[in-house]
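Here is the structure we will look at, set down as structure tokens.
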Amino acid sequence: MVGGGIIGLAVAWRLARRGVDVTVYDPVSLAASAGGAGGAWWVAAGMLAPGGESVYEKPALAALLAESARRWPGFARELTADTGHDLGYDDAGTLSVALTADDVAEASRAWRRQRLTPTVLRDLEPALSPRIRAGVHAPADHQVDPRRVVAALRATGVPVVPQHVDDLGRLDADRVIVAAGMGAAALTGLPVRPVKGQLLRLRGEPGLLRHVISGYVDGRHVYLVPRADGDIVVGATQEERTDHTVTAGGVLDLLRAAVDLVPALAELELAETLVGHRPATPDNAPLLGWLDARTVVAAGHHRNGVLLAPLTADLVADLVVSGEAHPLLAAFDPGRFTCN
Ligand code: GLY
């Protein structure tokens, strides 16, 4: 297994549970991830929101997202049972809210649920601004803490070798799985590009927010994800850029939108600014399947790496063990981007 992020570790754990002898190669330790060297999972907010993020996706990807969301509770239960780790899995649900009349019009294209009035929204989430015009409650759109998930996956007993792999041919293995996020491009020649996201972490007290808030604010989309320890993750920009710069404009946009949604956030400590790169493909859908007779790819998950981890793990483990692809994988064959 090349890649020890959430996808690589989840697939490796599922393979190990099926009795497969698996080794993960990843040069970045958990400690180095905390220092900023980690993959997209270190930065990810951990929203498990097929309803919130998939509404404009093609049907095959929407089906993949929905099925993976359905598998998350079982995946979390089993991982906690195997490791004793608390994953920060939170099923309070998501409130999608809109600030202005134009924002309500934009949000209405995605909302499929009963519209809630500002009074009902503030009963559910008292910290919301009284300026919010409308919203919906998506109780099945949960969240998990990706840093805790990766720490748990690293504790499953699957060996992780701290080594950079730049040539798949040199690995002594019958089968090779490439789950290296952005690194998949150089290893496979497949078109994986970085989509920059800037995020913030605000340090608060637990309980300020009960739900994940997904907000439409003056034409911008922002999300607020409350962690059990009181931190609130504010995300995210979406930029076709490769740099790691935290920009004044990025921070300004995120903070302005966050405080418009929840005014009390202005009092919190700005504890972290973060930059990550979502590994994306030309059609923004993942690469899941055989690249050649020895190599499987599980990469290019773009905005959905955390959400898709359980299903990717199950289906790629099945593929490696049985050789047969689940019908859900048909639309995500890496061969759609190769010439032969
Ligand atoms: N899944 C949220 C993001 O990529 O910003």
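Numbering of ligands and ligand atoms starts at 1, following listing order. Only a predicted model underlies this, so the values are computations on that prediction, with no experimental measurement involved.
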Legend entry - Contact atoms of ligand 1, heavy-atom distance to A236 under 4.0 Å: 5 (O)
Inset, instruction - Is it possible for you to say whether L199 and V234 belong to one hydrophobic cluster, with membership spreading through side-chain heavy-atom contacts below 4.5 Å? - result: no
Legend entry - Minimal non-hydrogen separation, V275 against D243, with atom names: CG1-O, 4.0 Å
Legend entry - No-hydrogen, no-angle side-chain donor-acceptor test under 3.5 Å, T242 and H277: no
Legend entry - Close-contact set for ligand 1 against Y223 heavy atoms, below 4.0 Å: 2 (C), 3 (C), 5 (O)
Inset, instruction - For the pair R115 and S108, evaluate side chain to side chain donor-acceptor pair (under 3.5 Å) and give the outcome as yes or no after the intermediate values. - result: CA-CA 9 Å; R115 191 84 58 91; S108 297; 3.1 Å; yes
Inset, instruction - Of the side chain and backbone of Q238, name the one, both, or neither that has a heavy atom under 4.0 Å from an atom of ligand 1. - result: neither
